Amino acid sequence: MALVRVSSSSSRLLLILPSSTTSSLLRSFLRPLSTSHVSPPRLSHSRSFPVDASFPQTSPLPSEGEVTEEAPRPTSRRPWKPTCLYYTQGKCTMMDDVSHLEKFNHSLLMDLPVNASAADKVKPQKLDYFLVLDLEGKVEILEFPVVMIDAHSMEFIDSFHRFVRPTGMSEQRIGEYIEGKYGKFGVDRVWHDTAIPFGEVLQEFEDWIGGHKLWKQKQGESLNSAAFITCGNWDLKTKVPEQCKVSKIKLPSYFMEWINLKDIYLNFYNRRATGMMTMMRELQIPIVGSHHLGIDDTKNITRVVQRMLSDGAVIQITARRHPDTGEVKFLFKNRIR
């Protein structure tokens, strides 16, 4: 007989075994789990696999810029693939190409799964739909991605994604700007192939929200039982109004109110979060895709929203702009400043 003690950081197991089986059983019991490493396609520098919003994850988040890979979980039906960015803009011409379909994902739903038991925990919400938005571009807006989810079931409904071509910059400056911003992700070619001016983006976006019956094209009309969710006030308080001035467009009425997820997070969990990465790290949600690629950041913020809903958060408007004066009123006393 052999006495074998197996220890971990949280528990100890005492086994009394026949000597003849000790060696082989220990080798099987203590064999480390293997992790496969596959070089990611050019469109994305980091990988993760879909995770239900309902369960806490134990794998830590990477620091900004760090590339990570995870082994498929036993419940994963298919490996993670980067999203085709031509497809998200309705411009993919390779839907009949088998090799293209094997390489790229053509459904954002795959990165935003919902567990039925988690959906049962969602509290009644004052809104029916959330439009998660995370703009990219500091000089002018370069990317306008929106993910629409049902506020009650947390389910993915649809997405809107456009790359935006600046109108107040020279072509040389645009080239430098895009190379610095998107070259590191390997998606600069996609941007040049698809980017359109901000005015055209808004026209297409209005058709999109109109098609979902979230907005009617009337003077002063707000969104119908829906609201934007942003990670901070910058996107809608500052950047969209600035871009509208550059593009010589009146600020649309549907941008007059929004939800700052940082304020909701602070009031619900009673702790401050500086941004999306902090939230994901604290909630132990693995990142999907590339940080600072707008469509991927929007998906990751949506995953945080799903998790907060499943934890019982009530998500409501946090800021409102006066249509005449442009003054912004913040509705939460306890908020991120």
Side-chain angles (χ1 to χ4, degrees), residues 10 48-62 68 70 73-76 80 108-134 146-159 225-233 235 257-289 291 296-319 330-337:
S10 59
S48 176
F49 290 85
V51 179
D52 285 338
S54 57
F55 301 106
Q57 305 303 319
T58 56
S59 54
L61 273 175
T68 64
E70 289 187 357
R73 300 180 185 275
T75 56
S76 297
W80 185 88
L108 269 66
L109 177 62
M110 302 307 299
D111 291 332
L112 299 168
V114 173
N115 182 283
S117 63
D120 291 340
K121 300 175 184 177
V122 178
K123 290 187 176 180
Q125 303 291 316
K126 296 182 178 180
L127 299 164
D128 291 329
Y129 300 100
F130 296 130
L131 303 179
V132 182
L133 167 69
D134 191 69
V146 179
V147 168
M148 176 183 176
I149 64 170
D150 187 296
H152 308 287
S153 68
M154 305 190 296
E155 292 179 349
F156 169 81
I157 302 297
D158 200 359
S159 64
S225 194
F228 290 100
I229 293 181
T230 58
C231 191
N233 292 308
D235 300 79
E257 59 183 22
W258 62 91
I259 298 165
N260 178 359
L261 193 61
K262 293 181 182 180
D263 289 348
I264 303 294
Y265 190 95
L266 171 63
N267 284 271
F268 182 67
Y269 292 117
N270 197 29
R271 58 179 184 259
R272 303 173 69 86
T274 56
M276 177 196 81
M277 295 294 280
T278 303
M279 294 179 186
M280 297 189 76
R281 183 174 294 110
E282 290 184 350
L283 297 176
Q284 297 183 314
I285 304 174
I287 190 171
V288 166
H291 187 31
D296 284 348
D297 281 354
T298 301
K299 286 188 291 186
N300 283 314
I301 294 170
T302 301
R303 286 153 62 84
V304 173
V305 172
Q306 288 176 319
R307 173 60 180 278
M308 292 183 66
L309 287 169
S310 71
D311 281 350
V314 176
I315 299 179
Q316 53 191 317
I317 303 294
T318 65
F330 298 105
L331 307 182
F332 280 34
K333 182 179 180 180
N334 189 26
R335 68 183 183 89
I336 300 292
R337 298 179 186 275

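Hydrogens, waters and symmetry mates are skipped; everything else that's a heavy atom, side chains included, is used. Computed from a prediction, not measured in an experiment: that's the story for all the values here.
- How far CG of Asp296 is from CD1 of Ile287: 8.0 Å, rounded to the nearest 0.5 Å.
- When side chains are defined from C-beta on, Gln316 counts as touching Phe332, because their heavy atoms get closer than 4.5 Å.
- Within the 4.5 Å cutoff, the side chain of Val132 has no heavy atoms near those of the Val146 side chain.
- Residues Trp80 and Asp111 meet the side-chain proximity criterion, which asks for heavy atoms closer than 4.5 Å.
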Could you go through Ile315 and Phe268, starting from their C-alpha distance and side-chain angles, then the distance that decides it, and tell me whether this counts as side chain to side chain contact (heavy atoms under 4.5 Å, CB included)? CA-CA 9 Å; Ile315 299 179; Phe268 182 67; over 6 Å; no
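- Formation of a donor-acceptor pair under 3.5 Å by the Asp263 side chain with backbone atoms of Ile336 is found in this model.
- The two atoms that bring Val114 and Ser153 nearest to each other are CG1-O, 3.6 Å, heavy atoms only.
- At least one side-chain heavy atom of Met279 sits under 4.5 Å from a side-chain heavy atom of Leu261.
- For CG of Asn270, the number of neighbouring non-hydrogen atoms (other residues, nucleotides, ligands) closer than 6.0 Å is 12 at most.
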Determine, step by step, whether Asn300 and Met280 satisfy the side chain to side chain contact (heavy atoms under 4.5 Å, CB included) criterion, reporting the C-alpha distance in whole Å, the side-chain angles of both residues, the deciding distance to 0.1 Å, and the verdict. CA-CA 8 Å; Asn300 283 314; Met280 297 189 76; 3.5 Å; yes
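- Atom CD1 of Ile264 and atom CE of Met308 lie 6.5 Å apart (nearest 0.5 Å).
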Steps toward side chain to side chain donor-acceptor pair (under 3.5 Å) verdict (Trp258, Asn233): CA-CA 8 Å; Trp258 62 91; Asn233 292 308; 3.0 Å; yes
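- Note that CD of Gln125 is 9.5 Å distant from NZ of Lys123, once rounded to the nearest 0.5 Å.
- Residues Val147 and Leu131 fail the side-chain proximity criterion, which asks for heavy atoms closer than 4.5 Å.
- Looking at heavy atoms from C-beta onward, Asp311 lies in side-chain contact with Tyr269 at the 4.5 angstrom threshold.
- The shortest side-chain heavy-atom distance between Asp134 and Thr230 does not fall under the 4.5 Å cut-off.
- Checked against Glu282 for a salt bridge (charged side-chain N to carboxylate O under 4.0 Å, His left out), the options Arg307, Arg271, Arg272 give a single hit: Arg271.
- Nearest heavy-atom pair, Ala227 versus Ile259, reported as atom, atom and distance to 0.1 Å: CB-CD1, 3.9 Å.
- Gln306 places no side-chain N or O within 3.5 Å of a backbone atom of Ile149 that could act as its donor or acceptor partner.
- A distance-only check finds no donor-acceptor pair linking the side chain of Asp158 to the backbone of Met148 [under 3.5 Å].
- Taking CZ of Phe228 as the reference point, atom CD1 of Ile317 lies at 10.5 Å (rounded to 0.5 Å).
- Without hydrogens or angle criteria, Asp128 side chain to Asp150 main chain gives no donor-acceptor distance under 3.5 Å.
- Side chains of Val288 and Arg303 form a contact here, defined as non-hydrogen atoms less than 4.5 Å apart.
- Once rounded to the nearest 0.5 Å, the distance linking SG of Cys231 with CG of Asn260 reads 7.0 Å.
- Minimum heavy-atom separation, Val122 to Met154: CG2-CG, 3.7 Å.
- Interatomic distance, CG of Leu112 versus NZ of Lys299, reported as 7.0 Å (0.5 Å rounding).
- Judged purely by atom type and a 3.5 angstrom limit, Thr298 has no side-chain atom pairing as donor or acceptor with the backbone of Leu133.
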